[in-house]
Structures are given as structure tokens and as C-alpha cells.
Amino acid sequence: MIKKLALFLFFLVFSGYLFAQNPNIEIKKEKEVQNVHDIKDVKDAKNVKDEKKTFIDNLLSKMTLQEKAGQLRLISVGGDLTLDKVLDQIEAGEIGGIFNTVVEPDLFRMQERALKSPNKIPLFFGFDIIHGHRTVFPINLGIASTWDRGAIAKAAEVSAEEATSDGLNITWAPMVDITRDPRWGRVSEGFGEDPYLTSEAGRIFVQKMQKQSLADKKSLVTAVKHFALYGAVEGGREYNSTDMSERKMFQEYLVPYKAAIDAGSRAVMVSLVSVNGIPATANHWLLTEVLRNQWHFDGVVVSDHGAIRELINHGVASDPKDAVRVAIKAGIDMSMNDEYFLQFLPELVKEGAITEDEVNQACRRILELKYDMGLFSDPNRNLDPKLDIDTMFADNRLHREEARDVARRSIVLLKNENEILPLAKNKKIAVVGPLADSKRDILGSWAGAGRANLAVTPLEGIKSAVKNTKSVNYAFGANLSDDANLYRFLNLYGETAKFDNRPADKMIAEAVKIAQKSDVIIAFVGEAEGMAHESSSRTDLSLPASQKRLLKALKATGKPLVIALMNGRPLTLSEEYAQADAMLETWFLGTEGGNAIADVLFGDYNPSGKLPMSFPDNVGQIPVYYSHLNTGRPRGTENMGKYTTSYFDSPNEPLFPFGFGLSYTNFAMDFSLSSTEMNKEGEIVVTVNVENIGKKEGMQTVQLYLQDVTASVSRPVKELIGFENITLKPQSKGEVKFVIKYDMLKFWNDKMQYVAEPGKFNVFIGSDSTTQDKKTFTLLDK
Ligand code: BGC
């Protein structure tokens, strides 16, 4: 009751704030501004299409060239471009969409001004909703670790629900760049190294965010990014170039973008990097020949932040005007935060360097998107003056429960010697480390609308799980790093990475003291969230020296040591792996992270996560990924160690392979194929028997890999083509089935045709990518 009253009062005060900001807005008036364009409610699909075309033809015929160029501009408020300036430009018809504002009163004012522009064209509002909005979910590498389609769907659904409640219509997600180089900081934003797993995650994000119809008020349009190959930058260095054979592109790296587009993503964001020598923003082959002509994408292509002007730096445009010409000609529809479109597009048309039709085409796509979003008939559809306060302020209990569930499914158990985990709740626990109680870090990168003050840290989660807070002792233990430059870097944009000025030895001594009094130590080490972000490439992937010293001292106490990693990329961890009695990868788990970690530590949830990216043994191995080609001299065949593919100073294998993750129980698996032969119309059913041979209920992800043994081109040693989860009680059995169809055997052959070639195929079943458990079938030539 008191809570309800407080909410009501808060609503009154907040609405007062709204109206104070927007003297022209009244709830009644909202209806009046709706349907300014008198859109008819047409049901029949063909008529809808005709209506839309007539409407947009008519609108375009009334628009000046200047206004059309305005529609192609996506602008964010900031720097010299103050809100007032933006409002004036909106009213002049010079802006088509706004991004990076999540303050509804401001969005309201912007839309009001758009409806006063010459043709009353509403704006759309975008934001980066990468892994949650107000309620923050695990970073995407974590979400991918669930290998659970239901969990991925939940993260996407809740994000869209909260974002649309906040007035947003479009997001720059999902990020489906394949990532095989953990030196690149943005691996944290993607779903890992594998085309199939990433495609599944991308597809689910698109379907759950956009929903069946964009007209659905809760539909959030997706812009799949970064098209293309951003994740393959040379040396993992941010914004660097990529160069790759077309076969590898089509076979692996382009697959997830295509999957997201096939799932209906209505927008695409273009990558900042050059692809085979031509910047993606200027790449006609990529944006027009592949995306439009081959894939038939008819949505909106948005450039990334500042990408048009960067074409001059790339050396493919001589000046700003030239950059605009090059971008439009390549296939960009909408520019993100570039002033040049408005400045130069009309001039370029007048000079005949581009045609008005080219501008019309881009403008039409944006108007179509707005039409399908329902903005012409209801411009304020997501700007609800009766705000859902719970949602807006992220204390939605249901969403938090969902976030907690996804978070615990994202945790990967990497080691558990002598079954030290799960812990009994009555143990004396030392919680140590620079990340044990950091609210900001646990949210991870790209959590702009998230509220750090609502986040649950590991320390808080552990304390609330054990109830008896006296049995939990905490020490900071060490700074994330001793490197002052790192802190300068982290704080460049106003972040506040915690730095403790006490001498390192003193902090370690304090941690050791509480460790000695405890039954077990849990050390939270890894990276600050800002170390795994855009523009956060690293060459050294080991833990910083300050944290290594702390772990060494803790180990020396002889107490059992649980290392809980918090980081946004695979790190090199062989030393820590040897030290740890148990090791958990917890990524950056979001708002409910601390509770999720406690669920796993105390066995309220039996860990089920699997790695979506290989963890290298050392940086020199990078790129290290499971689906590599065989060589003519595979390791371990002849002359073991010499004259076979290898390093003389390092293993070939990663420390932790793709797909790897332990459980508090054990599973046994065997499988059979329905046939040893298959023809074009046929299929092979793979039946997997799974048995829980341990003592706890648990979930296993059964992974299906395929190898095309002989083909016209070399094929990977193994490729993931399916996965399914099964939950089993101790000592019980279950069955998982997969169906292998002809289309799943296709690949880009020596003539770059997408075909299946007759011959032998190996089928592997296992709990990670190293499985050697295989059966063979033959694809017949008929
Ligand atoms: C990033 C994009 C992001 C955009 C808008 C750029 O710097 O590369 O991923 O969507 O900013 O915030």
C-alpha cells in the first residue's frame, strides 16, 4: 500500500516535471496530433502496399531536395549541437531521426517540433540497446554462453519492452560480427567465434525485438551491425582494416548478417572499417551488389558514427562533398552524425554528380520504415505520457528475475577440483578483489541507460544468499592495475574506475588476513568494463600484475581459492588456471550479476554455460578457433612435433576450447545415425542418448558438429550445425534428436557456387568442440 502510494506520488511529481518541460503537451492533445497524415486503416496486404506507395509518392512529390536530404540525417544532441539547435533543425525539416537521447520529455518536444516541419514528417528515435536497456543483461558474449534460445529471447524481449516504453523505435543491434581475435575490445558485444551460434542469437534478437509487425507498439526495429567484417580487423586493433577471401566471407563471416536480414531486420549499420581495400561505407560491392542485389535487402542502410567524413582519412574521398557522393553511390541511405549530407547532397544533385532519384530512393526507404512503424498515423506511439514508471526506472521485479536467470545461465564453470563448488552457505568466506564490489563494472560496456546504483555486486549477492553477513569478509585486495595510463584511458570519458591510493602491499596484507580467517577465498579479478569496449584493444591479455600479485598471495595462504573472472573477452589464464581450485567465467553479468553469481556459487543453480569463444593459451596463438581448416601436415600425424603444423614453444590448442563448460554433475552421451547414406531429398536423424551420471540435476548442451571430409575446396575440421539443451535429474536418461538435411551440407565450392557435394561426412556429438566421438555417412550422387 505504502509502495503504491509512493509510486502514485512519484508519478504526480514526475508528470509535473514532464509538463513543466513541455508546456504544450497535454494528454488530450496527444490524440489531436495523431494521424496528422490521415492514414487509412487498410487490412488487405496488397492494398496496404498500394496505400503506402501512394502515400509516400505523394509525400515525396511535396518535399524539397533539402527536406529529402534532411530525412537522411540521424543526429544526436551534443557538443555544439545543443538541444535548442537540434529542435530548430527538426522544425526546418533537416533531421530524419534522433539517437542517443533517452529522456522522454526531450523526445516529446522533438516530435512536436517535427510535426511542425513543412511536411510534418515524424522522427524516429534510436539508441544502442545491446544487452538490456534499464534492466541490464549480461554482455552478449555472456548471453551467447547460455547456448539457450529461450534465454537469448528473454534478453531481447525485455530489452525491447523497456526501450519502447522509453519512447524508442529503433536500436543499433544485434551486433553479429564474428570475433576470433580477443585483442579486439568489441568481442564483448558479439556472440563469439562461430557463424551458427551467432546467427541463431542474431535471428532471435531480430525476431523478438521487431516482433511480427513493426506496427506493434512494442516493436523495436533492429539495425544489424556492423556490416561487414568489423570483427576481423587486422591484429585485433580497433578500426583497422580487414582483408579476407570471398569464400571465407560468404562461408563464415557474412553468414550471421544474412541470417539477421532473413529474419527480417529492417535496418543495417555499416562497419567503420575497410573490407578488402574499400571502406565498407564506400563499398558498392558490399552495400549494393551483395546486400541489395544478392540478398534483396530493402530496408534502411545506416552509416556508423562519423563514417562519411572518415572516408577522407581512408583516402577514398578528396573532401567532404566527395565523401557524400561516394557514400550515396555505394548504397548508404542514412548518415549517422555527419553534417555533410544536408550541406552537400542538394549541391551534388544540382551539379549532376548524383541524381535526385538516388536521393529519392534513400529517402523513400526511410519514409517506408516510418510508415511501417506506424509513425505517420501515431507519431507519439511510444511517447506515452502515462509513463510506465516501473519500467522507466528499472526496478521492474519481473525483468530483474529474467535478468537473473539469463545471468546465471551465462556463467561458465571452467574448473572445479575436488568438487570444491558448490559452497555450503555456512562457510566462512573471504570475498576479495577489485571487481568484487563494483556496481559500474558489472553492467559491462554499452549499458548507457542502465542504472549502476541498482546493480547487485558479487559481494552483495553473496551476502544476501548466506543471510549471515558476519561469515562474509571483504577486502579490495588490489587495484585493477598499477598502470596510471590505464586509469587515464578508462576515465577519458568521465568513467570513474576505482583507484585505491593505499600501498599495494597494504591492500594485499589486508586481503590475506581475512583469507586466513576464512574457509574459502573467492577472488573477483579481470578487467574494468571500459577495458572491453569500443576502442579498447589490448595486446596483452593476461591479468595485470597487481591482480597477479594478489592471487599469488591468496594462494600462499593454502586456503581453497575460487577465481571468479569478470571480463569482456577471452584472457590468457594458464597461471591462474593452475592456481585455482575452482574457476568461473562470469563476464559482465548486468543488473542482477551478483545474485546470479551467488546462485551458482552455492548451487542454487547448477552451471550450464559454454564458451562461445576459444580462450587462447597465449597471445601468439591468435587467431585460435575450433573450425579451422586442416593443413597438409596435421599435428600429431607424422614426425610428431616437427614438420607438422605447430609452434615449437606453444601448444596449438587453446586453454579452453569453444563450447567448453563444466557442471556440478557429469553426463555420458552416445549417439546413432538413422542411416549411413543420404540422398538429395533424404535426411539423417541423429539420436543422442544422454545420461546424468552425477549427483545433481543439471543441464547439458548437446553440440552437433559436421565435417565434409573431401570436397572441391578444403573444409573445416569441424563446424557447429546444431545444439540442444537437456535437463536431467541425477541418474536419469534422456534423448536429443537432430535432423541433418541436404541444405545443411552446402558450402561455397571451388567455383563459388553454394552446393552440397556427394561424398563422406563425419558427424560429431559432444559437450564441446574437441569431441572426437564421430560417425560417418555418405551423401549419394542422386
Ligand atoms: C559504434 C556503433 C554504435 C554507434 C552509436 C559507434 O561508435 O561503432 O556500434 O551503434 O556508435 O552509438
Side-chain angles (χ1 to χ4, degrees), residues 73-79 81 95-103 124-133 139-141 159 163 166 168-179 184-191 198 202 205-206 209 220-233 236-242 256-257 260 265-275 279-281 299-311 313-314 327 332-339 444-450 492-495 529-530 532-537 568:
R73 293 179 76 222
L74 192 52
I75 293 298
S76 72
V77 179
L81 214 48
I95 295 180
I98 293 289
F99 73 108
N100 274 358
T101 296
V102 268
V103 183
F124 58 57
F125 302 114
F127 198 72
D128 287 282
I129 297 143
I130 309 298
H131 55 107
H133 182 57
I139 56 165
N140 300 60
L141 208 51
S159 306
D166 263 6
L168 301 166
N169 325 96
I170 185 166
T171 183
W172 323 126
M175 189 284 224
V176 296
D177 303 328
I178 294 293
T179 57
W184 191 48
R186 300 194 82 167
V187 306
S188 57
E189 287 172 55
F191 302 100
T198 303
F205 258 65
V206 171
M209 285 183 150
L220 184 69
V221 168
T222 56
V224 58
K225 69 187 186 186
H226 303 85
F227 191 67
L229 312 195
Y230 191 4
V233 282
R237 201 180 75 223
E238 185 62 298
Y239 314 125
N240 206 359
S241 314
T242 64
Y257 310 109
S265 184
R266 284 293 300 272
V268 166
M269 183 188 282
V270 176
S271 84
L272 290 165
V273 302
S274 74
V275 173
T281 311
V300 173
V301 174
V302 186
S303 65
D304 199 350
H305 206 280
I308 314 282
R309 79 177 86 94
E310 288 172 19
L311 293 179
N313 291 343
H314 274 292
I332 297 286
D333 295 321
M334 199 167 200
S335 74
M336 180 180 271
N337 245 35
D338 267 292
E339 59 279 27
S445 65
W446 295 105
L492 267 181
Y493 290 94
E495 295 279 323
E529 62 83 23
H533 203 294
E534 179 174 352
S535 192
S536 302
S537 294

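Whatever order the structure lists them in is the order used to number ligands and atoms, beginning at 1. Each residue takes its place number in the sequence, starting with 1.
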Run the numbers for me: atoms of ligand 1, each under 4.0 Å from some heavy atom of [X], listed by number.
{"X": "His226", "answer": "2 (C), 8 (O), 9 (O)"}
{"X": "His305", "answer": "6 (C), 7 (O), 11 (O)"}
{"X": "Lys225", "answer": "2 (C), 3 (C), 9 (O), 10 (O)"}
{"X": "Met269", "answer": "2 (C), 10 (O)"}

**Item:** Nearest-0.5 Å distance, CD1 of residue Ile130 to CG of residue Asn140
**Value:** 7.0 Å
**Asked** Going from CZ on Phe124 to CD1 on Ile170, what distance comes out if it is rounded to the nearest 0.5 angstrom?
**Response** 4.5 Å
**Complete:** The closest protein heavy-atom partner of atom 6 (C) of ligand 1 is Asp304 OD1, 3.0 Å
**Message:** Checking a contact table here: which protein heavy atom is nearest atom 10 (O) of ligand 1, and how many Å away?
**Reply:** Asp128 OD1, 2.6 Å
Side chain [X], main chain [Y], donor-acceptor under 3.5 Å:
{"X": "Asn100", "Y": "Ser76", "result": "no"}
{"X": "Ser265", "Y": "Thr222", "result": "yes"}
{"X": "His314", "Y": "Leu272", "result": "yes"}
{"X": "Ser159", "Y": "Gly132", "result": "yes"}
{"X": "Ser303", "Y": "Met336", "result": "yes"}

Any N or O of [X] that comes nearer than 3.5 Å to an N or O of ligand 1?
{"X": "Trp446", "result": "no"}
{"X": "Asn100", "result": "no"}
{"X": "Arg186", "result": "yes"}

**Request:** Check Glu238, Met175, Lys225 against Tyr230 for a side chain to side chain contact (heavy atoms under 4.5 Å, CB included) and give me the one that passes.
**Result:** Glu238
**Message:** Measuring from non-hydrogen atoms of Met175 to any atom of ligand 1, is the shortest distance under 4.0 Å?
**Reply:** no
**Option whose closest heavy atom lies nearest to atom 7 (O) of ligand 1, chosen from Glu189, Glu534, Glu238** = Glu534
